[in-house]
Colleague: 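Handing you a structure now.
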Amino acid sequence: MNINKPNLKIIRKCYDILLEYYGEQGWWPVGANRTNEPSYTITNKNRIMSHEEKWEIIVGSILTQNTNWKNVIKSFADLANPSFPSPKEILDMDLEKLAMLIYSSGYRNQKALRLKNIANFFLENKFDKLSEYDIPRLRNILLSLNGIGNETADSIILYAFSKPSFVVDAYTKRLLIRLNLISEKTTYNDIQNIFHENLPKDSEIFNEYHALIVEHGKKHCQKTKPICETCPLSIDKICSYQI
DNA sequence: CGCCAGGGCCTCA
DNA sequence: TGAGGCCATGGC
């Protein structure tokens, strides 16, 4: 899937426009244990995640699958009482208890099994070792785990390991379709390649761009009732924007 | 009430 | 490989 030559700069333009319009998003939100501060609003950009934070991001990436992030926050509050569970604590936890702790995120039985499966992997494979792998190798390992598909793998690579692998989600696909850059049947990898080929391979940019697309999807590019009147990515605004 | 939200797995052609 | 069914809570 190639986009037309004249459109090549659209990907860069949209990033600049979204960043200017919405501001920095500060992803990935971490801090489930810091209940005494607004942990979900702190800026995490340019920060190397601790092992605990990496694990929290991984858990969050599973819980947020096909689910509103607000539901995940509720689960985090339950999980983090009294403290956010380590991989070993997840693994040792009674399955039914774990399922109830993540109740509000939906699919509790599926996700409880996935969390235990993934916790077992990260008990045996340390973050320091995994950090040394290149993106394709790390990605294949993550994809081999039950419960981690394309988007979750890239979310973990990008937000936990700070490596530049672009995250494609439903918002991303919808946006590119409405920008007339792809079709409904364009695959995950083809969509990801559009971003990889038109942006510097920079984890900070990938981090911010995906978060901005999600914010844009929530504020303007909704599935059923998009708000096109004030859309910062309307055709005329994109065309008149100079890099 | 129906639809959607920061998906992925399994099955069956 | 691709379409369809399934998992399931909470907001609107």
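No hydrogens, no waters, no symmetry mates; every other heavy atom, side chains included, goes into these values. The chains referred to below are lettered A, B, ... by the order of the sequence lines, with proteins before strands, and numbering in each begins at 1.
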Colleague: At under 4.0 Å, does any side-chain N or O of N68(A) touch on OP1 or OP2 of dT9(C)?
Modeller: no
Colleague: Give a yes/no on whether any side-chain N or O of T152(A) is located under 4.0 angstrom from OP1 or OP2 of dG8(B).
Modeller: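 For dG8(B), OP1/OP2 do have a side-chain N/O of T152(A) under 4.0 Å.
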Colleague: Which nucleotide in the list dC7(C), dG10(C), dC4(B) gets nearest to the side chain of Y107(A)?
Modeller: dC7(C)
Colleague: Classify K74(A) by what it touches in the nucleic acid, base, sugar-phosphate, or nothing, heavy-atom distance under 4.0 Å.
Modeller: sugar-phosphate
Colleague: Mind checking the C1' distance from dA3(C) to dA5(B)? Whole angstroms is fine.
Modeller: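 Their C1' atoms lie roughly 22 Å apart.
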Colleague: Among dA8(C), dT9(C), dC4(B), which is the nearest nucleotide to the side chain of N109(A)?
Modeller: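 It is dA8(C).
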Colleague: Would you say dA5(B) has OP1 or OP2 under 4.0 Å from some side-chain N or O of R174(A)?
Modeller: yes
Colleague: For E151(A), which contact category applies under a 4.0 Å heavy-atom criterion: base, sugar-phosphate, or nothing?
Modeller: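 Contact class for E151(A): sugar-phosphate only.
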Colleague: With under 30° as parallel and over 60° as perpendicular, where do the rings of F206(A) and H196(A) fit, or are they tilted in between?
Modeller: parallel
Colleague: Name the nucleic acid region contacted by I213(A), choosing base, sugar-phosphate or nothing; use a 4.0 angstrom heavy-atom cut-off, strictly under.
Modeller: nothing
Colleague: For I118(A) and dG7(B), give me the distance from atom CD1 to atom C1', rounded to whole Å.
Modeller: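 Rounded to whole Å, this separation is 12 Å.
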Colleague: dT9(C), dC7(C), dC4(B): which one has an atom nearest the side-chain heavy atoms of R108(A)?
Modeller: dT9(C)
Colleague: Is there a Watson-Crick or G-U wobble partner for dA3(C) with both distances under 3.5 Å, and which nucleotide is it?
Modeller: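 Here dA3(C) is engaged in a pair, and the nucleotide opposite it is dT11(B).
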Colleague: Nearest whole Å is fine: how far is dT9(C) C1' from K70(A) NZ?
Modeller: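 For the pair K70(A) NZ and dT9(C) C1', the rounded distance is 14 Å.
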Colleague: Send over the distance from L143(A) CG to dG7(B) P, rounded to a whole Å.
Modeller: 16 Å
Colleague: Please give, in whole Å, the distance from dC7(C) P to L113(A) CG?
Modeller: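 Whole-Å distance recorded here is 14 Å.
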Colleague: Tell me what T224(A) touches on the nucleic acid: a base, only sugar-phosphate, or nothing, going by heavy atoms under 4.0 Å.
Modeller: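 Sugar-phosphate, backbone atoms only, no base.
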Colleague: Any salt bridge linking D92(A) with K88(A)? Criterion: basic side-chain nitrogen under 4.0 Å from a carboxylate oxygen.
Modeller: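 A salt bridge links D92(A) with K88(A).
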Colleague: Of N71(A) and R114(A), whose closest DNA chain B nucleotide lies nearer the 5' terminus?
Modeller: N71(A)
Colleague: For the pair made of CD in Q65(A) and P in dC10(B), what is the distance, rounded to whole Å?
Modeller: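 Checked: the CD to P distance equals 13 Å.
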Colleague: Would you say the side chains of D154(A) and H210(A) form a donor-acceptor pair under 3.5 Å?
Modeller: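 Absent: no donor and acceptor within the cut-off.
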Colleague: Mind telling me whether F166(A) and F195(A) have parallel, tilted or perpendicular rings, with 30° and 60° as the class edges?
Modeller: parallel
Colleague: Output the single nucleotide from dG10(C), dG7(B), dA5(B) whose closest atom is nearest the side chain of Y103(A).
Modeller: dG10(C)
Colleague: Taking atom C1' of dC6(C) as reference, at what distance in whole Å does atom CG of N146(A) sit?
Modeller: 14 Å
Colleague: Using whole Å, what does the distance between atom C1' of nucleotide dC6(C) and atom CG of N66(A) come to?
Modeller: 11 Å
Colleague: Pairing donors with acceptors under 3.5 angstrom, does anything connect the side chains of D78(A) and S75(A)?
Modeller: no
Colleague: Report the distance from atom CH2 of W69(A) to atom P of dG7(B), rounded to the nearest whole Å.
Modeller: 12 Å
Colleague: Does the structure show a Watson-Crick or G-U wobble partner for dT9(C), both distances under 3.5 Å? Name it, or say none.
Modeller: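 The answer is dA5(B), by the H-bond criterion.
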Colleague: Go through the side-chain N and O atoms of S234(A) and D236(A) and say whether any donor and acceptor fall under 3.5 Å apart.
Modeller: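 Per modelled atom types, S234(A) and D236(A) side chains form a pair under 3.5 Å.
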